[in-house]
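Here the structure is laid out as structure tokens; the discussion comes afterwards.
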Protein chains: 2
Amino acid sequence: MASIKDVAAEAGVSVATVSRVLNDHPSVSDDARKRVLAAVEALGYRPNAVARSLRTDQTRTLGLVISDVMNPYFTELARSVEEEARALGYSVIIGNADERPDLQDHHVTTLLDRRIDGLLVSPTDGGSPRMLEAARGGTPMVFVDRWIPGLDVPVIRADGQAAVRDLVAHLHGLGHRRFAIIAGPAATTTGSERVEAFRAALAEYGLPLPDAYTGQGDFQAESGRRVTEGFLDLPEPPEVVFAADNLMALGALDAVRARGLRVPHDLALAAFDDIPWFVHTDPPVTAIAQPTGELGRAAVRALVDRIEGRPPQSVTFAARLVVRRSCGESPVTNRSQT
Amino acid sequence: MASIKDVAAEAGVSVATVSRVLNDHPSVSDDARKRVLAAVEALGYRPNAVARSLRTDQTRTLGLVISDVMNPYFTELARSVEEEARALGYSVIIGNADERPDLQDHHVTTLLDRRIDGLLVSPTDGGSPRMLEAARGGTPMVFVDRWIPGLDVPVIRADGQAAVRDLVAHLHGLGHRRFAIIAGPAATTTGSERVEAFRAALAEYGLPLPDAYTGQGDFQAESGRRVTEGFLDLPEPPEVVFAADNLMALGALDAVRARGLRVPHDLALAAFDDIPWFVHTDPPVTAIAQPTGELGRAAVRALVDRIEGRPPQSVTFAARLVVRRSCGESPVTNRSQT
DNA sequence: CACGTCGATGTAATCGATTCCAAGCCCTCA
DNA sequence: TGAGGGCTTGGAATCGATTACATCGACGTG
């Protein structure tokens, strides 16, 4: 592969001039510029980004460490992150942590070794050592979706409190009184926050959230299935199950179906994180939707601000309730039927 | 960030010795090794991968350019690719082409600029210029899923012919006679191959595949919806629609539902590419499943073989039919009901 | 006419590693 | 005792870029 030296030789100038042309530095004569460009064309020369990065100490690359690529929510997040990054002239390297702290650490380490300019993280747990180190060590960093308290790192997230309140109102209006939740890992902020929001919203109606109705999941479908089976085995099963993410909702749907029961007739179901597929499930699932694309774009902007020396800002978007049929007929339909 | 020089100074040795310890070169005294390791520990030193790459001319990074990250099939492919690559000591950078040749070219270009060691591609179209150039220029390269004929590049793919034949047999057994297909872009191999396999399988039953029943899609949900509406508007609509990918099947489902019709009662539906969600749709969708994980792993192995100087091999896996309920009751159930 | 200025260019240092080559040291064997 | 050989080790070149600094003409001005 041709190097800058080859181009310089071909054009009959020094490497400095070639470099100047390539970085359109002002003081280059038209003649030299023309000859360099012709040489570049003739040799099919492309600058070596590795060498450039070594010299300039910047890679124009962002690292994105997410908890689970197979989760459509994160896939969409990754996609919007890549788009915005590309628009700003950055590439992104995605690391999939699969909800495993050790993998998260592995990715943070290799990304740092590659000297990425900044790191976008949706932490799997309370924070793996390498990540905390990086955060404290001054690596430009931004948290998306989930975060770790006590660190001076901007957070871009969606607040689901209002939407959860809307959801509970919706469910209450439908006549449901026994509510259960499939929680995410307590170590993640989204894991604990969603339970709290749910509990608080229930409290407004004087409804409890008993321990027996609080199942511990891990954001994966299988755990949703397992927890739901536990609920169904109870002497008095809940009337509603609220899954703290989309995959666990899917598991819950499986569990209900496996018993020959039906949603929402035998058990109502709602989920946090809306995804295109929820429209097509049987029944379509009522969910709380985050503005995922906005989240990804805002996160990249914050990170790039930080990298380029501008003060980055934390941003919180609002999530909203999307009512479908998995919790029962909507009140309106209900009323018209009565 | 500490460099190898700092470590050398701290350990009281030369940078050459530090490098030797780090790459466990045999001729280093135990004493020196110990001092270097201690210095590394004390300074929290991590080698600069950028500098190393410049010197060794290898990045231990693979590029993966796929057509659409949001498609669960490709997400799963990407995941298995990353896993296998990690196991072999490589990282992977994913480029999402969004079925756009220009974006595909953009990613190929930046990946090449970064001097990745090899490229895994599922080409969007007949081949964008940069990609062809790279293929011919000797960049280690492997095609996954889709490929471009006439290039000396190994191909890792799944053959759906037998499965399509099984599908047609299944449909024929169910009594269907009017078959339609939503094809993918003709420029992609999977786009044209699947139509051909379908047509050939139908021919075995003396059944035609009229032009009116051959819709042109682009592997995206929206096109599936549009084409299906066209089918439904026909004086004599088909009895079965076979979508050449999962997203278009989803669009078809939408179209049918939007008219207040039902699958499979009013129109049977089958898809190429199985995904977890098809179990949960209403009704569950009959699909042809590829061994996606195998594909991804085999592709990485082939690419790494090529990179490390071993002869790479093309591999073809078999896809298989997964019968669910979107084409009607299965013959067995049928018989028992009769 | 001499001097300062400015634009265009080249030389060389530098980034952080790897690795070839030479040198130093110790040991063994003739 | 001296030559040769095996370990260790350090010096320095190198990878492909960027960029500070020096140089060299040409030009304008007093």
Side-chain angles (χ1 to χ4, degrees), chain A residues 1-40 43-61 89 91 109-117, chain B residues 1-40 43-61 89 91 109-117:
Chain A
M1 189 150 272
S3 85
I4 196 171
K5 268 189 207 151
D6 303 316
V7 175
E10 172 85 11
V13 297
S14 73
V15 295
T17 301
V18 176
S19 176
R20 278 190 273 258
V21 171
L22 264 25
N23 296 285
D24 40 39
H25 183 99
S27 73
V28 175
S29 67
D30 274 355
D31 176 56
R33 185 183 311 278
K34 217 174 303 166
R35 293 218 312 282
V36 167
L37 260 16
V40 165
L43 297 166
Y45 168 78
R46 294 250 76 214
N48 184 328
V50 173
R52 182 193 304 237
S53 292
L54 176 60
R55 185 58 236 252
T56 60
D57 200 33
Q58 50 161 326
T59 50
R60 292 203 77 83
T61 302
S91 297
T109 304
T110 59
L111 288 169
L112 255 29
D113 284 355
R114 273 153 204 282
R115 301 301 193 264
I116 45 132
D117 293 340
Chain B
M1 188 150 275
S3 84
I4 196 171
K5 268 190 207 149
D6 303 316
V7 175
E10 172 84 11
V13 296
S14 73
V15 294
T17 300
V18 175
S19 176
R20 277 190 275 259
V21 171
L22 264 26
N23 296 285
D24 40 40
H25 183 98
S27 72
V28 175
S29 66
D30 275 353
D31 177 55
R33 186 184 312 278
K34 218 173 302 167
R35 295 219 309 284
V36 168
L37 260 16
V40 165
L43 297 167
Y45 168 77
R46 294 249 77 214
N48 184 328
V50 173
R52 183 192 301 236
S53 291
L54 176 60
R55 184 58 235 248
T56 61
D57 200 32
Q58 49 162 325
T59 49
R60 292 204 77 84
T61 302
S91 298
T109 304
T110 59
L111 288 169
L112 254 27
D113 284 355
R114 274 150 202 283
R115 300 302 193 263
I116 46 131
D117 294 340

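So you know, we letter chains A, B, ... as the sequences are listed, proteins then strands, and number each from 1.
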Worksheet item: Touch check for B:Thr56, heavy atoms < 4.0 angstrom, all strands: base, sugar-phosphate only, or nothing?
Response: sugar-phosphate
Discussion item. Within the 4.0 Å heavy-atom criterion, would you say A:Ser3 contacts the bases, only the backbone, or no part of the nucleic acid?
Written reply: sugar-phosphate
Practice prompt. Would you kindly give the CE-to-P distance between A:Met1 and D:dA17, to the nearest whole Å?
Written response: 10 Å
Worksheet item: Any side-chain N or O of A:Ser29 less than 4.0 Å from the OP1 or OP2 oxygen of C:dT9?
Response: yes
Worksheet item: Given atom CG of B:Leu54 and atom P of C:dC15, what is their separation to the nearest angstrom?
Response: 14 Å
Worksheet item: Which nucleotide, C:dA8, D:dG10, C:dA17, lies nearest any side-chain atom of B:Ala16?
Response: D:dG10
Fill in: Note, B:Asn48 side chain near B:Ser3 side chain (heavy atom, < 4.5 Å)
no
Worksheet item: To the nearest Å, how far apart are B:His25 NE2 and C:dC20 C1'?
Response: 11 Å
Worksheet entry | Closest-nucleotide 5' rank along DNA chain D - winner of B:Thr17 and B:Ala51 | B:Thr17
Discussion item. Please evaluate residues A:Lys34 and A:Asp30 with respect to the criterion salt bridge (charged side-chain N to carboxylate O under 4.0 Å, His left out), reporting the C-alpha separation (whole Å), side-chain torsions for both, the decisive distance (0.1 Å), and the verdict.
Written reply: CA-CA 6 Å; A:Lys34 217 174 303 166; A:Asp30 274 355; over 6 Å; no
Response to the item:
A:Lys5 atom NZ is separated from C:dG10 atom P, nearest whole Å, by 16 Å
Worksheet entry | Any donor-acceptor N/O pair under 3.5 Å between D:dG10 base and B:Arg20 side chain | yes
Worksheet item: Closer than 4.0 Å, any side-chain N/O of A:Ser14 to the OP1 or OP2 of C:dT9?
Response: no
Item to complete: Answer with base, sugar-phosphate or nothing: what part of the nucleic acid does A:Ala49 contact at a heavy-atom distance below 4.0 Å?
Response: nothing
Worksheet item: Would you call A:Val36 and A:Val40 a side-chain contact if the rule is heavy atoms closer than 4.5 Å?
Response: yes
Fill in: Nearest-angstrom distance from the residue atom CG of B:Asp57 to C1' of D:dG16
10 Å
Practice prompt. May I ask you to test the B:Asn23-B:Arg52 pair for a side-chain heavy-atom distance under 4.5 Å?
Written response: yes
Worksheet item: When we call it a touch if two heavy atoms are under 4.0 Å apart, what does A:Val13 touch: a base, just sugar-phosphate, or nothing?
Response: sugar-phosphate
Worksheet item: B:Arg52 CZ to C:dC15 C1': how many Å, rounded?
Response: 16 Å
Worksheet, complete the sentence: Rounded to whole Å, the CZ-C1' distance (A:Arg33 to C:dG7) equals 13 Å
Worksheet item: Just to confirm, is there a sub-4.0 Å distance from OP1 or OP2 of D:dA17 to any side-chain nitrogen or oxygen of A:Ser53?
Response: no
Practice prompt. Select base, sugar-phosphate, or nothing to describe what A:Val50 touches, counting heavy atoms under 4.0 Å on all strands.
Written response: nothing
Discussion item. Using a distance-only criterion (donor-acceptor N/O pair, under 3.5 Å, no hydrogens), is the base of D:dG16 paired with the side chain of B:Arg55?
Written reply: no
Item to complete: Write down the distance between CD1 (B:Ile4) and P (D:dG11), rounded to a whole number of angstrom.
Response: 14 Å
Practice prompt. When you get a sec, tell me which of C:dA12, C:dG16, C:dG7 is the closest nucleotide to the side chain of A:Ser27?
Written response: C:dG7
Worksheet item: Taking the nucleotide of DNA chain D with the closest heavy atom to each, which residue, B:Asp31 or A:Arg46, is nearer the 5' end?
Response: B:Asp31
Worksheet item: Hey, does B:Asn23 reach any base, or is it just sugar-phosphate, or nothing, if we go heavy atoms under 4.0 Å?
Response: sugar-phosphate
Worksheet entry | Any B:Leu43 side-chain heavy atom under 4.5 Å of B:Glu10 side chain | yes
Worksheet item: Relative to the 5' end of DNA chain C, which residue comes earlier, A:Ala32 or A:Val15, by the nucleotide with the nearest heavy atom?
Response: A:Ala32
Worksheet entry | Validation row: B:Val13, B:Val21 side chains within 4.5 angstrom (heavy atoms) | no
